[in-house]
Amino acid sequence: MRYSNMTLSYIWHNFLKSMGIMFLPALLLGILLNPLSIVEIIVSIGKKQGTYNSFLDIYKKINGYTGAWRFVIIIIAIVISILCLSLLSGLIRQKMRYGLDNRGKWSMLGSHLNDNFLPVLKFLLLLFVSLEVLAILLSTFLYTTIKLFNNALPMCLILAFIFILVELLFLSASLLTVPNMTMKGYGLFKAFGNSVYSLSAKVFKVFGSILWIMILMSVPMIILILFPFKGSNYLLELFSFLFYWMIASYISVLVYVVYFDVEELEREDLKL
């Protein structure tokens, strides 16, 4: 829990900058995308509602692709998220490395965007590709399971659990990719490889630091999906927003908390 405690401590002392920056993109994503769509699929399979009768039905539900306009709006929300994450990454790096913030130095915001936009974009594209590969594989296995087994629920639960853990493990191992690009000047694949290598002994500590916050933020949504009621869809959107807001801010800080620890760098913000 050391990494988690250090991350939450940073957020507590820098709340407006660590959380405030991600408010708008998290709000948009919360309205547009349910991060636990896989749970809705599993519940539907368990109730034998016959909602997902094809690979494409499952795949579209996992990704939230329900129409052309919705897809365009999701892309816009993702672009806004990348801009905000780039700015947040720059602010966190500056604060931890130099103990400085941007009060009275608005010109630095453009510098943060310039320095961090491409690294953040490249890393998110890498995550997107990994998510799409897993979405395709998971959709294929779920569809096959539904067709092969009369009671597909147990196997579908196991498959969903395994795929979620694999993606979280991938995220944990690749966590230092962005700071390796911004602070060491590495290209994407060298930065990713260095992240995997440098975290080889600590990857499960990082994994645990991400897993518990994911579970905590997911519990209210799981309850609403399992026990829906009139108007629960609005509550689900609210908790989806809170999920994206907390997870995006938390992981953005965790990245540099872990990086400074692994590289044995002094954090100047702790001296203030």
Side-chain angles (χ1 to χ4, degrees), residues 1 4 7-8 11 19 22-23 25-53 57-66 70 74 77 81 127-128 130-132 134-143 145-146 149 151-172 204 206-252 254:
M1 291 295 289
S4 295
T7 299
L8 293 174
I11 291 174
M19 296 289 291
M22 295 307 302
F23 181 87
L27 180 62
L28 293 173
L29 292 174
I31 294 171
L32 293 168
L33 295 172
N34 176 8
L36 296 186
S37 57
I38 184 62
V39 177
E40 292 184 337
I41 295 171
I42 297 299
V43 169
S44 178
I45 292 171
K47 293 180 178 179
K48 297 184 178 180
Q49 294 174 335
T51 307
Y52 305 102
N53 293 312
D57 289 337
I58 297 172
Y59 177 75
K60 286 166 66 177
K61 179 63 178 178
I62 289 175
N63 285 285
Y65 303 153
T66 57
R70 184 180 179 86
I74 289 173
S81 300
L127 280 183
F128 174 77
S130 71
L131 285 169
E132 285 301 294
L134 286 179
I136 291 170
L137 291 174
L138 181 57
S139 299
T140 301
F141 283 120
L142 288 178
Y143 175 66
T145 302
I146 292 169
F149 298 97
N151 181 15
L153 181 61
M155 183 61 69
C156 288
L157 279 170
I158 293 170
L159 286 169
F161 182 72
I162 290 173
F163 275 83
I164 290 170
L165 289 184
V166 167
E167 182 58 31
L168 287 181
L169 189 59
F170 179 84
L171 173 61
S172 302
F204 287 106
V206 176
F207 176 81
S209 299
I210 297 174
L211 181 63
W212 79 267
I213 193 75
M214 289 277 191
I215 293 174
L216 179 65
M217 299 304 297
S218 298
V219 167
M221 288 184 286
I222 293 173
I223 293 172
L224 287 172
I225 293 170
L226 291 175
F227 306 104
F229 53 87
K230 186 177 180 180
S232 62
N233 58 309
Y234 298 109
L235 269 178
L236 188 59
E237 288 182 357
L238 172 62
F239 284 114
S240 294
F241 151 65
L242 293 174
F243 177 92
Y244 285 118
W245 193 26
M246 185 64 205
I247 296 302
S249 303
Y250 177 88
I251 292 180
S252 295
L254 179 66

Looking at Leu216, Ile251, Ile11, which hits side chain to side chain contact (heavy atoms under 4.5 Å, CB included) with Met246?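 Going through Leu216, Ile251, Ile11 one by one, the side chain to side chain contact (heavy atoms under 4.5 Å, CB included) with Met246 is satisfied by Ile11 alone.
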
Nearest 0.5 Å, please: how far is [atom2] in [Y] from [atom1] in [X]?
X      : Y      : atom1 : atom2 : result
Ser172 : Ile210 : OG    : CD1   : 3.5 Å
Met19  : Ser249 : CE    : OG    : 4.5 Å
Leu131 : Leu127 : CG    : CG    : 6.5 Å
Leu165 : Ile162 : CG    : CD1   : 8.0 Å
Ile58  : Ile41  : CD1   : CD1   : 6.0 Å
Leu29  : Asn34  : CG    : CG    : 12.0 Å

Heavy-atom check, side chain of [X] versus side chain of [Y], under 4.5 Å:
X      : Y      : value
Ile38  : Leu138 : yes
Leu28  : Tyr244 : no
Trp245 : Pro25  : no
Phe170 : Leu134 : no
Ser218 : Leu36  : yes
Leu157 : Phe161 : no

List the steps and the verdict of side chain to side chain contact (heavy atoms under 4.5 Å, CB included) for Leu169 and Phe204. CA-CA 8 Å; Leu169 189 59; Phe204 287 106; 4.2 Å; yes

Would you please classify the geometry between the Phe141 ring and the Phe163 ring as parallel, tilted or perpendicular, with 30° and 60° separating the classes? tilted

Residues two or more places apart in sequence or in another chain: which of them pass side-chain hydrogen bond (donor to acceptor under 3.5 Å, both in side chains) with Ser81? none

Partners meeting side-chain hydrogen bond (donor to acceptor under 3.5 Å, both in side chains) with Ser130 (sequence neighbours left out):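 Listed in chain order: Glu167.
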
Tell me yes or no: between the side chains of Ser4 and Tyr250, is some donor less than 3.5 Å from an acceptor? yes

For Met155, I'd like to know if atom CE has over 12 heavy atoms of other residues, nucleotides or ligands within 6.0 Å. no

Throw together a table of side-chain donor-acceptor distances under 3.5 angstrom for residues 231-239, partners on residues two or more places apart or in other chains.
unit_1	atom_1	unit_2	atom_2	d
Ser232	OG	Phe229	N	3.2
Ser232	OG	Phe229	O	2.8

Judged by atom type as modelled, is there a donor-acceptor pair below 3.5 Å linking the side chain of Ser44 to the main-chain atoms of Glu40?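 Between the backbone of Glu40 and the side chain of Ser44 there is no qualifying donor-acceptor contact (under 3.5 Å).
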
How far apart are the C-alpha atoms of Thr140 and Tyr59, what are their side-chain angles, what is the distance that settles it, and do they pass the side chain to side chain donor-acceptor pair (under 3.5 Å) test? CA-CA 8 Å; Thr140 301; Tyr59 177 75; over 6 Å; no

